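Below: one structure, written as structure tokens.
Note that the structure is predicted; figures quoted are calculated from it, not measured. Chain A is the first sequence line, chain B the second, and so forth, proteins listed ahead of strands; every chain is numbered from 1.
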Amino acid sequence: MDKTSFFNDVFEVVRLIPSGRVTSYGAIAEYLGAKRSARMVGWALNGSGGQSIPAHRVVNRNGLLTGKTHFGEPNKMERLLVDEGISVVENKIQDFDQVFWDPAIELL
DNA sequence: CACATGACTGGAT
DNA sequence: AATCCAGCCATGT
């Protein structure tokens, strides 16, 4: 298991997130067995540039679009989510519990 | 090698 | 309910 495996696993899970759904860094980290390494998930997504990774579907546990600043255009992430049917107000996902997609449950 | 920072989280205040 | 603090781990200075 080299380091790239972690990144690859993160990308794989994120790619499996269905449209109109979102998940959290902690949920992905937990699914990968590193629940205390949510920060590493964010770091992994940092290298998702160039890959076909819908990173806009990954937010923090509050449903807050903390990573929007890394999309080049701060409004791009929110626009993409809204376009998929997710309600976003002031960088915050509305009905977060309804659109939340947990790989540890949905990906059984 | 030590310290600071970050796309986080959970518990405490 | 809002804010603060400590834990985690990789990367940069």
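Atom CG in A:Leu64 sits roughly 9 Å away from atom P in B:dC8 (whole-Å rounding). As rounded to whole Å, 11 Å separates atom P of B:dA7 from atom CE of A:Met40. With rounding to whole Å, A:Phe7 atom CZ is found 14 Å from B:dA7 atom P. Atoms CG (A:Asn91) and C1' (B:dC8) sit 17 Å apart, rounded to a whole Å. Taking atom NZ of residue A:Lys92 and atom P of nucleotide C:dA2, one finds them 9 Å apart after rounding to whole Å. Rounded to whole Å, the distance from CD1 on A:Ile28 to C1' on B:dA7 is 11 Å. Protein atom CG of A:Asn60 is 16 Å distant from nucleotide atom P of B:dG6, rounded to whole Å. In this structure, A:Leu81 places its CG atom 17 Å from P of B:dA7, rounding to the nearest Å.
Checking B:dG6, B:dA7, B:dG10 against every side-chain atom of A:Trp43, the shortest atom distance belongs to B:dG6. Distance from the side chain of A:Arg39 is smallest for C:dG7 among the nucleotides B:dA7, B:dT9, C:dG7.
A:Asn46 comes within 4.0 angstrom of a nucleotide base, judged by non-hydrogen atoms across all strands. Residue contacts shown for A:Thr69 are absent, as no nucleic acid heavy atom lies under 4.0 Å away. Residue-level contact check: A:Ala29 touches neither bases nor backbone, having no heavy atom under 4.0 Å from any strand.
In plain terms, the two heavy atoms of A:Leu108 and A:Ala104 that are nearest each other are CD2-O, 3.6 Å.
Here the CH2-CG distance, from A:Trp101 to A:Leu107, works out to 4.5 Å after rounding to the nearest 0.5 Å.
Side chains of A:Lys92 and A:Asn62: a donor-acceptor N/O pair is absent below 3.5 angstrom, by distance only. The closest side-chain donor-acceptor pair between A:Glu78 and A:His56, if any, does not fall under 3.5 angstrom.
Using a 4.0 Å cut-off between a side-chain N of Lys or Arg and a carboxylate O of Asp or Glu, A:Glu84 and A:Arg57 qualify as a salt bridge.
For A:Ser37, no side-chain nitrogen or oxygen approaches OP1 or OP2 of C:dA10 to under 4.0 Å.
Nucleotides C:dC5 and B:dA4 are separated by 16 Å at their P atoms, to the nearest Å.
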